[in-house]
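Worth saying up front: this structure is predicted, and the values here are computed from it rather than measured.
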Amino acid sequence: MLFFLQAFILITTSLLLIFIGIYAFRHRKTPGGFSLFLLSSVGTFWSITSFLEMAVLSLETMLIWRNLQQISTFSIPIVMILFTIELTEQPNLKKYLAAASIIPLSALILIFTNEYHHLVRSHYSIEASPLFGDTLIVHSTPLGMVLVSFNFIFPVFGIIILYTYCKRVSQANQKQITLIILSFLLTLLLTWVKVAILEQLRFHISISVLYSPSIIILFYALFKYNFFHLAPIAKDTVFKVVKQGIMVINREGTIIDVNEFGIRLFQTNSLAAGILLNKKVQEVFASWPRISEMLDTEKNHEIKIDRDGGKTYLKLQSYPLYKYKEELAGTVFMIQDITDTKLLELELRTKSETDELTGLKNRRSFQLHFDMQLNIAIKNQSCLSLLMLDLDRFKLINDSYGHSAGDQVLRECADILRETVRGEEIIARLGGEEFGILLPGVNHEQAFTIAERIRNRIRETPVQLADDRILHYTISIGITESDLQNKNFDTMLREADTALYQAKNLSRDCTVIYKNPE
């Protein structure tokens with residue numbers, strides 16, 4: 001009974017392997033295609049020769065078919081590794097495989113010439129059984145057992161290669177690779193079961209029969225997941241070559257896949273690659289709550305992250321994925337490193353808002369900040385004061401000492417302003433020798449104290465010129481305060497300017513608070 005069951009399994013297995021071989025040959029130009037064709041061809045040869053060994057009765061004929069089976073026995077482990085090398089696209093490993101192939105090739109030569117030296121097999125016998133029929137028993141020498149043991153070692157390396165590769169591919173392809181690993185593991189396990197258990201119990205089943213579950217798993221992996229279909233291959237290629245991060249998120253908001261470029265974007269900060277997969281978007285991007293709002297709509301958002309080398313600016317663009325009837329299936333994030341563009345943009349913005357000589361804000365930037373601070377002051381019902389400063393007799397400085405000396409005076413004056421008013425104050429060069437200081441939350445009396453500190457500091461800090469001459473200069477200051485109702489930039493600037501010229505007319509080197517003539 002078991003004889004016919006084995007024969008049926010071998011014939012079925014052969015048909016499956018032939019089908020796999022035809023499929024693999026049609027896809028022979030894809031990674032792993034041709035080596036899988038070789039693997040299925042060798043496996044088919046093994047199944048057929050195993051069946052033929054069972055079908056004959058004489059020892060000599062059985063031995064012929066058993067020896068022919070050894071071609072498959074020692075070839076399959078090598079072809080398995082070749083398949084893993086081609087599938088994982090690591091051609092550099094082929095040179096090691098070529099060197100390792102010397103062992104099975106030597107074993108085959110010794111097997112086919114054993115009758116002359118008996119180095120690998122000591123003798124043969126036939127064991128009759130009502131369950132299995134006549135079975136050929138091969139008695140191996142210690143050298144023969146050592147050579148056979150290499151058939152266990154080679155698949156282990158193939159499994160290690162596949163396992164390493166499995167961690168680098170997309171989650172969808174991981175299922176396919178995992179099934180192939182399972183097929184290889186099952187092959188090893190069943191071989192061990194036959195040698196270590198079944199043979200000791202005189203339970204003689206052809207090894208080709210035991211391999212049938214592994215072949216079924218391999219068959220399922222190929223056709224269930226379209227193993228050589230262009231879509232997963234193209235998808236993995238795109239994941240590798242595209243110079244943008246790609247993040248795939250399921251409809252529950254869990255990150256299920258990230259390409260290598262995307263991993264590198266987050267590799268040296270708190271969003272390290274190891275914590276991205278299988279994490280919720282809300283958890284990973286907790287510092288940027290707006291990203292969670294992008295899962296069901298097409299949006300873009302820029303974020304700034306801290307890396308070892310400094311700040312990195314990323315642009316995230318979301319693309320929702322829908323099934324039929326517009327059911328949300330998930331979201332793809334395209335992540336672009338815009339650091340260079342952003343830094344250039346910030347540099348240009350800084351230049352457009354900064355006075356080139358002093359490094360202070362220019363008049364345009366000063367007005368923008370004024371409008372913003374005035375709105376804040378009105379909303380919070382807080383104070384807002386404005387200082388207008390003008391260097392005394394600056395034209396005389398230029399005429400007497402030269403324009404380079406005048407530029408030096410302006411720069412050192414700007415340094416004193418920065419050092420004296422540190423905080424939320426906004427300092428600008430409004431033009432020529434005129435400066436402006438905006439003081440949020442400061443009334444005119446407090447502003448007077450600050451202005452006097454500035455004025456005294458400037459009077460007490462002469463400028464040492466390039467020719468070692470010492471240049472003393474002073475400054476006049478006008479102050480006004482917003483009433484939070486009717487004043488705007490032009491009005492307050494005019495009031496501060498009026499107070500400034502009152503200071504000029506008094507004696508220069510003094511501070512005057514604007515008073516409404518009404």
Side-chain angles (χ1 to χ4, degrees), residues 16-17 20-46 71-105 107 148-192 207 211-230 232-237 239-240 260:
L16 282 178
L17 286 170
I20 292 173
I22 294 171
Y23 177 79
F25 186 77
R26 290 176 58 191
H27 297 86
R28 61 190 179 278
K29 293 185 178 180
T30 59
F34 184 72
S35 53
L36 182 61
F37 166 72
L38 292 178
L39 187 61
S40 59
S41 300
V42 176
T44 303
F45 182 76
W46 195 353
I71 297 174
S72 299
T73 303
F74 285 93
S75 298
I76 280 181
I78 296 296
V79 181
M80 285 173 66
I81 296 185
L82 178 63
F83 171 66
T84 61
I85 289 173
E86 289 188 357
L87 181 66
T88 58
E89 298 183 88
Q90 302 183 71
N92 56 308
L93 296 178
K94 285 186 178 180
K95 58 185 178 183
Y96 301 108
L97 179 61
S101 299
I102 296 174
I103 296 172
L105 180 60
V148 170
S149 67
F150 278 98
N151 290 336
F152 290 88
I153 297 174
F154 287 126
V156 170
F157 284 111
I159 291 169
I160 293 172
I161 294 171
L162 284 174
Y163 176 75
T164 305
Y165 176 69
C166 188
K167 295 191 292 184
R168 295 189 284 109
V169 299
S170 65
Q171 191 175 55
N173 284 0
Q174 284 178 1
K175 296 178 181 178
Q176 305 169 9
I177 304 302
T178 301
L179 284 175
I180 294 177
I181 292 174
L182 178 61
S183 175
F184 285 9
L185 281 172
L186 194 57
T187 299
L188 283 175
L189 177 62
L190 293 176
T191 302
W192 178 82
I207 190 68
Y211 284 172
S212 57
S214 302
I215 295 168
I216 292 171
I217 293 174
L218 181 61
F219 183 85
Y220 179 82
L222 288 175
F223 297 102
K224 168 66 176 177
Y225 296 105
N226 292 320
F227 193 79
F228 291 120
H229 195 271
L230 184 60
I233 297 171
K235 180 257 187 185
D236 276 349
T237 301
F239 257 46
K240 289 178 183 178
E260 292 181 12

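In this structure, CG in Leu97 is found 12.0 Å from CG in Asn92, a value given to the nearest 0.5 Å. One distance of note links OG1 of Thr84 with CG of Leu36; it measures 12.0 Å at 0.5 Å rounding. Atom-to-atom distance recorded for Leu189:CG and Trp192:CH2 is 7.5 Å, nearest 0.5 angstrom. The OG atom of Ser40 sits 9.0 Å away from the CD1 atom of Ile22 when rounded to the nearest 0.5 Å.
The side-chain hydrogen bond (donor to acceptor under 3.5 Å, both in side chains) analysis of residues 178-188, with sequence neighbours excluded, yields the pairs Thr187-Ser214.
Scanning all heavy atoms of the two residues, the minimum distance from Gly32 to Glu86 falls at N-CB, 3.6 Å. Taking every heavy atom of both residues into account, Gly43 and Ile76 meet most closely at CA-CD1, 4.1 Å. Here the closest non-hydrogen pair linking Ile217 and Leu179 is CG2-O, 3.4 Å. Across all non-hydrogen atoms, the minimal contact from Phe74 to Ala107 is CE2-CB, 3.5 Å. Nearest heavy-atom pair, Ile181 versus Ile159, reported as atom, atom and distance to 0.1 Å: CG2-CG2, 4.0 Å. Closest non-hydrogen pair, Ile78 versus Ser101, comes out as CG2-OG, 3.6 Å.
By the side chain to side chain contact (heavy atoms under 4.5 Å, CB included) test, Leu93 is found to be paired with Ile85, Gln90, Tyr96, Ile161, residues two or more places apart in sequence or in another chain being considered.
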| task | Assess whether side chain to side chain contact (heavy atoms under 4.5 Å, CB included) is satisfied between Lys94 and Leu82, documenting all intermediate values. | result | CA-CA 7 Å; Lys94 285 186 178 180; Leu82 178 63; 4.0 Å; yes
| task | Report the C-alpha distance between Ile71 and Trp46 in whole Å, list the side-chain angles of each, state the deciding distance to 0.1 Å, and finish with yes or no for side chain to side chain contact (heavy atoms under 4.5 Å, CB included). | result | CA-CA 8 Å; Ile71 297 174; Trp46 195 353; over 6 Å; no
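At a threshold of 4.5 Å between non-hydrogen side-chain atoms, the residues Ile153 and Val156 do not count as touching.
A donor-acceptor contact shorter than 3.5 Å links the side chain of Ser72 to the backbone of Val42.
Under a cut-off of 6.0 angstrom, the local environment of CZ in Phe45 is crowded, with over 12 non-hydrogen atoms contributed by other residues, nucleotides or ligands.
Arg26 forms no cation-pi arrangement with Tyr23, by the criterion of a distance under 6.0 Å to the ring centre and an angle within 45° of the ring axis.
With respect to Phe83, the side-chain contact (heavy atoms from CB on, under 4.5 Å) criterion is satisfied by exactly one of Phe37, Phe34, Phe184: Phe184.
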